[in-house]
Amino acid sequence: MKKPFTTLLMLAASLVCCAACSESAEAATAAGDDDGPTNVEFQIQYTTPVPSEFFQAASQQGMVEVLWYDSKDYTSSARPATRKPAYVYLPYGYDPTQKYDIIYLLHGWTGVAEQYFGLSSWPQMKNLFDNLIQRALTKPFIAVSPTWDKDNQSKGWGESTQEAAVFSQEYVNDLIPAVETHYSTYLESPTEAGILASRQHRAIGGFSLGSITTWYIFEQAFPYSKWYLPMSGDNWSQGMYGGQYYPDETAQFLADLVNKSPYRDDFYVWYACGTEDVRLPQSHNQALAMAKLTDTFNAKNFSYHMKEGGKHDFNAVWEFCYHALQFFFPPKNAEPMTNYYNRQSRIADVMNDPDFGDWGRLILPANNSYWSGTTLEDLDLTWYNGIDPDKTVEIVNYIKAHHDEVFIDIYTEAEKLADPEKRNTGLFFFRGTPGAPFAICNAGGGHVYVGAMHDSFPHALEISKQGLNAFALIYRPDWSPSDEDLARAITYIYDHADELGVARDGYSLWGGSAGARMAADMSRLSHMRSSTGRTDIPQAAACIMQYTGYTSVSADDAPTYACCGTNDGIASWRTMQSRLDQLSALGIPTEFHAYNGLPHGFGLGTGTVAEGWINDAISFCQAQRGTTRISQTRASDGSKPQAIYLLNGTRRDSIQRGINIVDGKKFLAK
């Protein structure tokens, strides 16, 4: 349960400020609580933690360089010359013949240019960047960590605030030209016209006093950057801590300057703060005041994000950057997600969205007696636990953003006329890297409905983020028709692989509960051939199964990954383990996990001991296609079988708690 903001603000007043920003903080009433209308479409978005493996060294590592550039001391009218360092992150495989997007990140008070990724003893941000890029969650980008201090040394509060207040001049006149002409960016010419022409590929952000500096740049140099990431700090145009004490005036000032700009419809502010941050009063009041000015700040160009329990430290910064960079710099095959819907959006409005046509009703089960809820936040599906409303919102926003290509009919109109139930079928396509293999995800639902919103859509979306092309199948839930629908889906994708941009070989079949039975059946070569009537379609490279009591075993089964909870009252983990033991004895590659205490239907397992299982499953698929595993984990008997806690060659901090078996060799994690 979220803590009331009034309580949070009172708590913030009593906290002692951290070393990065030790100014005093006072409690404040949230803007918009009692005065004036609020934006009914506005929704505070709570971030989710960064997966722990993102802080580990990636196998594809970028590099950090120091670029020295000439600038001036803009706090003095004489403009004395200075020479300053900027730490520059370059992505793995940096190619001077390619153009890269760029983000500038500003440190807080008492910080230095090395703050973000220039300290070998503090590798978290660099590792985060490397993993975001390696896992195809962002396109490759350049990041720059500069300083506003003229000699890159910690200063007193007064001097630092003076330098931060005029840093926008250095940003435009000196820093951008120096960095973006030295490295391969979209800047064609270090002139005002050149900087303006490349603004869509430039982001600026900062933490604490760096956030305040970001707002100064928004105020004083708005046209030169499209993307803004202020974290835990406000705009001081109306005075110090103006976001707290003068939120409406501050918001109106910012709206007025935006409305006077030719770029008023071409910018984005991704505002963020922790719920226990001592800077919450400034950020929160300003954000809510801005949200009231819907003609200027709306879902197209403004969002406000909070880390539950987040304090004024870099744990929050890493989490905010993890999410914001995926939004600013999505993979080349993706588009920046627009916040069309939020937690409070009505389910009926989503299903009846005109962009979706008749297939919008298939986003939730066609048999509506198996789901309930009015809004996306309170969606409930029979037999499923832990539906993540933030993931639900992300999915429907993805579907909205890609509505012209996301849904695929697998049956012809004539076939649907002959059998009207076939109108309740189709594929939802979550596009990955062009030419990469595909995966088909099949949700469970007891063969009476299809629980895609928890049991296949989230999987397909996450799989696509890591480069594979993923499809979520909406099938007729009776056993025989569901088998026919999956066979048709495989045939359709294989026959249309070129136009879909997917590889014909190396595909995988995924499923949970009833959907896992479908995947297991169809990954058996003999069954796939009899069901499709085709001998040219290859067998699935891997079958990925969650929580099902499927027991059939054959020598022509595909390599199989399976996972289940030890408290599953529907599908026994022992039954799943027994089947995989039999497959392993036949020489078929297997991997099995039973997660301590989890019930049936845990989906992605977000926030549980199973979180990250999907990364293991993707690694398993990669291994069946010949991907080399880079490191190994030692078993309890001292032997060294293939590692199982890897993604693209990186290793977990610790294995997941439960029973873990690879090719018959057991690993125990308590």
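Numbers here simply count residues along the sequence, with the first being 1.
Atoms OG and CG, on Ser554 and Leu583 in that order, are 9.0 Å from each other to the nearest 0.5 Å. Taking CD of Glu319 as the start and OG1 of Thr47 as the end, the distance is 3.5 Å to the nearest 0.5 Å. Atom CG of Leu427 is separated from atom CD1 of Ile490 by 10.0 Å, given to the nearest 0.5 angstrom.
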- Item | Steps toward ring-ring contact (aromatic ring centres under 6.0 Å, His included) verdict (Phe428, Trp359) | CA-CA 10 Å; Phe428 283 82; Trp359 55 262; 5.7 Å; yes
- List the steps, then state whether salt bridge (charged side-chain N to carboxylate O under 4.0 Å, His left out) holds for Asp130 with Lys126. CA-CA 6 Å; Asp130 287 340; Lys126 179 184 178 297; 2.8 Å; yes
- Give the intermediate values and the outcome of salt bridge (charged side-chain N to carboxylate O under 4.0 Å, His left out) for residues Asp557 and Arg579. CA-CA 11 Å; Asp557 280 337; Arg579 177 173 182 265; 3.3 Å; yes
- Before giving the answer on salt bridge (charged side-chain N to carboxylate O under 4.0 Å, His left out), spell out for Lys422 and Asp485 the whole-Å C-alpha distance, their side-chain angles and the decisive distance to 0.1 Å. CA-CA 9 Å; Lys422 290 181 176 178; Asp485 295 341; over 6 Å; no
- Step by step, would you call Ile440 with Met522 a side chain to side chain contact (heavy atoms under 4.5 Å, CB included)? CA-CA 11 Å; Ile440 301 178; Met522 203 61 66; over 6 Å; no
- Quick one: do Asp495 and Arg534 satisfy salt bridge (charged side-chain N to carboxylate O under 4.0 Å, His left out)? Show the steps, please. CA-CA 11 Å; Asp495 290 343; Arg534 302 275 290 269; 2.7 Å; yes
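Val448 is listed as a side-chain neighbour of Trp383, based on a closest heavy-atom distance under 4.5 Å. The side-chain heavy atoms of Tyr398 and Arg431, taken from C-beta on, include a pair separated by under 4.5 Å. Side chains of Met576 and Phe592 form a contact here, defined as non-hydrogen atoms less than 4.5 Å apart. For the pair Trp318 and Phe54, the minimum side-chain heavy-atom distance is 4.5 Å or more. Counting heavy atoms from C-beta outward, Val406 and Phe356 have side chains that stay 4.5 Å or more apart. The side-chain heavy atoms of Arg361 and Arg423, taken from C-beta on, include a pair separated by under 4.5 Å. Phe129 is listed as a side-chain neighbour of Phe141, based on a closest heavy-atom distance under 4.5 Å. Here the side chains of Leu486 and Leu473 are in contact, with some heavy-atom distance below 4.5 Å.
Side-chain atoms of Asp505 and Tyr494 form no donor-acceptor pair, as typed in the model, at a separation below 3.5 Å. Between the side chains of Thr412 and Glu415, at least one donor N or O lies within less than 3.5 Å of an accepting N or O. Between the side chains of Asp483 and His527, at least one donor-acceptor pair of N or O atoms lies under 3.5 Å. Under the 3.5 Å distance criterion, with hydrogens and angles disregarded, a donor-acceptor pair is assigned to the side chains of Gln546 and His459. There is no side-chain donor-acceptor pair under 3.5 Å between Asn127 and Gln56. Remark: the Trp510 side chain and the Ser508 side chain contain an N/O donor-acceptor pair separated by less than 3.5 Å. In this model, no donor atom of one side chain and acceptor atom of the other lie less than 3.5 Å apart for Tyr340 and Asp353.
In summary, of the residues considered (Leu376, Asp388, Ile363), a side chain to side chain contact (heavy atoms under 4.5 Å, CB included) with Met453 occurs for Ile363 alone.
In this structure, Phe429 has its ring center at least 6.0 angstrom away from the ring center of His402.
Not a single donor-acceptor pair under 3.5 Å links the side chain of Asp409 to the backbone N or O of Tyr411. In this structure, the side chain of Asn469 does not engage the main chain of Phe438 through any donor-acceptor pair within 3.5 Å. In terms of modelled atom types and a separation under 3.5 Å, the side chain of Ser619 and the main chain of Asn615 share a donor-acceptor contact. Listed for the Gln539 side chain is a donor-acceptor partner under 3.5 Å among the backbone atoms of Asp556.
In this structure, the side-chain contact (heavy atoms from CB on, under 4.5 Å) partners of Ser552, at least two apart in sequence or on a different chain, are Arg524, Tyr550.
By the 4.0 Å N-to-carboxylate-O rule, Glu462 lies close enough to Lys391 to be salt-bridged with it. Ion pair Asp419/Arg476 flagged as a salt bridge, since at least one NZ, NE, NH1 or NH2 atom sits closer than 4.0 Å to an Asp/Glu carboxylate oxygen.
Within 6.0 Å of the OH atom in Tyr94, the count of heavy atoms belonging to other residues, nucleotides or ligands exceeds 12.
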